[in-house]
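Have a look at the structure below before the remarks.
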Protein chains: 2
Amino acid sequence: MKLTSKGRYAVMALVDLARFDNINPVSLRDISLRQGISLDYLEQIFSKLRKKEIVQSVRGTQGGYVLNKKAKEIKLTNIFDAVDEKVKTVQCKKESKKGCNGKSTKCLTHNLWDELENHINNFFEKKSLEDLIKDNVERRI
Amino acid sequence: MKLTSKGRYAVMALVDLARFDNINPVSLRDISLRQGISLDYLEQIFSKLRKKEIVQSVRGTQGGYVLNKKAKEIKLTNIFDAVDEKVKTVQCKKESKKGCNGKSTKCLTHNLWDELENHINNFFEKKSLEDLIKDNVERRI
DNA sequence: TGATACTTGACTATTTTAGTCGGGTATATA
DNA sequence: TATATACCCGACTAAAATAGTCAAGTATCA
């Protein structure tokens with residue numbers, strides 16, 4: 001079980017963005033330099049964030065990205081969802097003969113993965129971008 | 001973020017084992033048939049479980065595996081640890097220039113992943129094999 | 001009109017996953 | 001003692017996912 005870089009980068013980039021977008025849009029180039037993330041990869045990630053209306057883009061010189069909502073309203077769930085960083089546990093395919101079919105001893109652990117998924121998603125639903133920024137400022141003092 | 005089959009299989013197999021090992025050892029062949037998991041793959045998994053002293057092996061005809069501890073004492077943490085199903089979030093390599101080096105805006109999200117890791121591990125540390133079996137019996141009624 | 005910066009889609013090397021395969025060794029039972 | 005059962009061990013591999021790269025755009029500001 002692991003968190004992939006895509007999700008990590010998305011969160012890092014958005015925290016970075018949230019701290020600098022007071023007046024002007026923030027370019028991916030700047031984020032790329034500050035966070036050490038490949039520009040091309042960032043473009044892929046922000047394309048997804050834009051489609052899910054987490055950020056807005058401003059084209060042209062002095063362009064960049066701006067948050068599309070208040071940092072308080074952007075939850076980790078939304079970010080991970082946007083970049084396809086899902087919490088996958090069991091996939092109970094109805095077509096498959098093996099695995100979960102609701103019969104006999106199979107899928108003994110079905111409920112476990114459900115619980116786990118809820119447990120993790122619960123964490124993600126509570127945390128907002130604002131929380132992350134505040135947390136960071138506090139520890140910085 | 002996903003849970004891989006290895007961890008899933010390990011838990012499924014152990015729940016199966018725990019329910020059948022009252023008197024005799026349980027063979028991987030039986031578990032394989034009941035749970036629909038490849039025998040060869042199960043052998044790999046049980047080799048690891050044995051090395052971490054979660055199960056004991058009995059060789060020869062009528063052989064198989066037996067739990068090495070009480071189901072109550074085997075936590076999910078132990079199982080996942082045995083089969084290398086780790087909860088990985090950030091790796092802050094000291095060697096790398098990029099990523100987490102404790103400076104400036106980098107690793108803004110460091111604490112987040114720590115928290116997440118604790119949150120998940122907390123779940124795994126509480127759940128025992130016994131819990132899973134009980135849970136299953138209850139829902140079966 | 002040129003530089004900046006977003007936009008899009010295709011391509012690719014690397015790593016991880018989920019096995020398979022081929023050889024063993026130990027032991028109960030006939 | 002022969003044999004079948006079942007654990008034991010290491011090497012190999014196909015397929016999928018990951019983490020990018022690359023190329024060719026379009027919009028906008030100065």
Side-chain angles (χ1 to χ4, degrees), chain A residues 1-10 12-13 17 20-21 24-33 35-52 54-66 68 80 83-91 96 98-99, chain B residues 1-10 12-13 17 20-21 23-33 35-52 54-66 68 80 83-86 88-91 96 98-99:
Chain A
M1 173 175 261
K2 64 167 190 245
L3 197 70
T4 65
S5 289
K6 192 151 57 180
R8 227 161 24 92
Y9 289 167
M12 284 170 74
L17 175 60
F20 284 89
D21 81 336
N24 302 313
V26 180
S27 73
L28 294 190
R29 194 173 161 279
D30 287 351
I31 297 178
S32 165
L33 290 173
Q35 302 301 330
I37 303 167
S38 143
L39 177 59
D40 284 313
Y41 204 25
L42 271 180
E43 287 182 342
Q44 275 185 43
I45 292 169
F46 272 75
S47 167
K48 290 173 186 235
L49 293 174
R50 187 173 53 83
K51 279 171 190 155
K52 293 285 183 171
I54 291 169
V55 295
Q56 263 192 332
S57 66
V58 180
R59 299 181 76 154
T61 319
Q62 306 298 323
Y65 286 92
V66 193
N68 199 26
F80 284 139
V83 299
D84 304 312
E85 180 81 277
K86 290 168 194 155
V87 176
K88 291 180 238 167
T89 50
V90 213
Q91 313 95 314
S96 107
K98 312 253 170 160
Chain B
M1 172 175 260
K2 65 169 189 244
L3 196 70
T4 65
S5 288
K6 192 151 60 179
R8 227 163 23 94
Y9 288 167
M12 284 170 74
L17 175 60
F20 284 89
D21 83 335
I23 313 153
N24 302 312
V26 180
S27 74
L28 293 189
R29 195 172 159 279
D30 287 352
I31 296 178
S32 165
L33 291 173
Q35 303 301 329
I37 303 167
S38 142
L39 177 59
D40 283 314
Y41 203 26
L42 271 180
E43 285 184 343
Q44 275 187 43
I45 292 169
F46 272 75
S47 166
K48 291 174 185 234
L49 293 174
R50 187 174 53 83
K51 279 171 190 156
K52 293 285 184 171
I54 290 170
V55 295
Q56 263 191 332
S57 66
V58 181
R59 298 182 74 152
T61 318
Q62 306 298 325
Y65 286 92
V66 192
N68 198 27
F80 285 139
V83 300
D84 305 311
E85 181 81 278
K86 290 168 196 157
K88 291 180 239 167
T89 49
V90 214
Q91 313 95 314
S96 108
K98 311 253 170 161

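As the structure is a prediction and not an experimental result, all values here were calculated from the model. Lettering of chains follows the sequences in order, A, B, ..., and the numbering in each one begins at 1.
- Listed for the B/Ser32 side chain is no donor-acceptor partner under 3.5 Å among the backbone atoms of B/Ser38.
- Closest to the side chain of A/Thr4, out of C/dA5, D/dC7, D/dT18, is D/dT18.
- Between A/Tyr65 and A/Phe46, the ring planes are tilted. Angles from 30° to 60° get that label.
- For a distance-only test at 3.5 Å, the side chain of B/Gln44 qualifies as a donor-acceptor partner of the base of C/dT20.
- Rounding to the nearest 0.5 angstrom, the gap separating the CD atom in B/Gln35 from the CG atom in B/Asp30 is 11.0 Å.
- Residue B/Ile45 contributes atom CD1, which lies 16 Å from atom P of D/dC9 at whole-angstrom precision.
- Residue B/Gln56 contributes atom CD, which lies 17 Å from atom P of C/dA26 at whole-angstrom precision.
- The side chain of B/Ser5 has C/dG19 as its nearest neighbour among C/dG19, D/dC7, C/dC21.
- Summarising the geometry, atom NZ belonging to A/Lys48 is positioned 12.0 Å from atom CD1 belonging to A/Ile54; distances are rounded to the nearest 0.5 Å.
- Note: CG (A/Leu42) to P (C/dC6) measures 10 Å, nearest angstrom.
- Within the structure, a side-chain polar atom (N or O) of A/Ser57 is placed less than 4.0 Å from OP1 or OP2 of C/dT7.
- Looking at the side chain of A/Ser27, the nearest of the listed nucleotides C/dC6, C/dA28, C/dA10 is C/dC6.
- A donor-acceptor contact under 3.5 Å is not formed by the side chain of B/Glu85 with the base of C/dT17.
- Minimum atom distance to the side chain of A/Glu43 is reached by C/dC6, of the listed C/dT29, D/dC9, C/dC6.
- Here the P atom of nucleotide D/dC12 and the OH atom of B/Tyr41 are 19 Å apart, to the nearest Å.
- Counting non-hydrogen atoms under 4.0 angstrom, B/Tyr9 reaches the backbone sugars and phosphates but no base.
- In this structure, the separation between CG on A/Leu42 and OG on A/Ser47 is 12.0 Å, given to the nearest 0.5 Å.
- Side chain A/Arg59 to base D/dT26: a donor-acceptor pair is found below 3.5 Å.
- With D/dA6, C/dC6, C/dG19 as the choices, the nucleotide that has an atom nearest any side-chain atom of B/Ser38 turns out to be C/dG19.
- Closest to the side chain of A/Tyr65, from the set D/dT21, C/dT20, C/dC6, is C/dC6.
- Taking atom CG on B/Leu28 and atom C1' on D/dT5, their separation rounds to 12 Å, with Å as the unit.
- Between C/dT7 and A/Arg50, a contact under 4.0 Å exists linking OP1 or OP2 to a side-chain N or O.
- Residues B/Arg29 and B/Asp40 both approach DNA chain D. Their nearest nucleotides, taken by heavy-atom distance, put B/Arg29 toward the 5′ side.
- Closest approach to the A/Thr61 side chain among C/dT8, C/dG19, D/dT28 is made by D/dT28 (side chain taken as heavy atoms from C-beta onward).
- Nucleotide D/dA19 holds its C1' atom 15 Å from the CG atom of A/Leu39, rounded to whole Å.
- Atom CE in B/Met12 sits about 13 Å away from atom P in C/dA18, given to the nearest Å.
- Regarding A/Lys48, its NZ atom lies at a distance of 12 Å from the P atom of C/dG9, rounded to whole Å.
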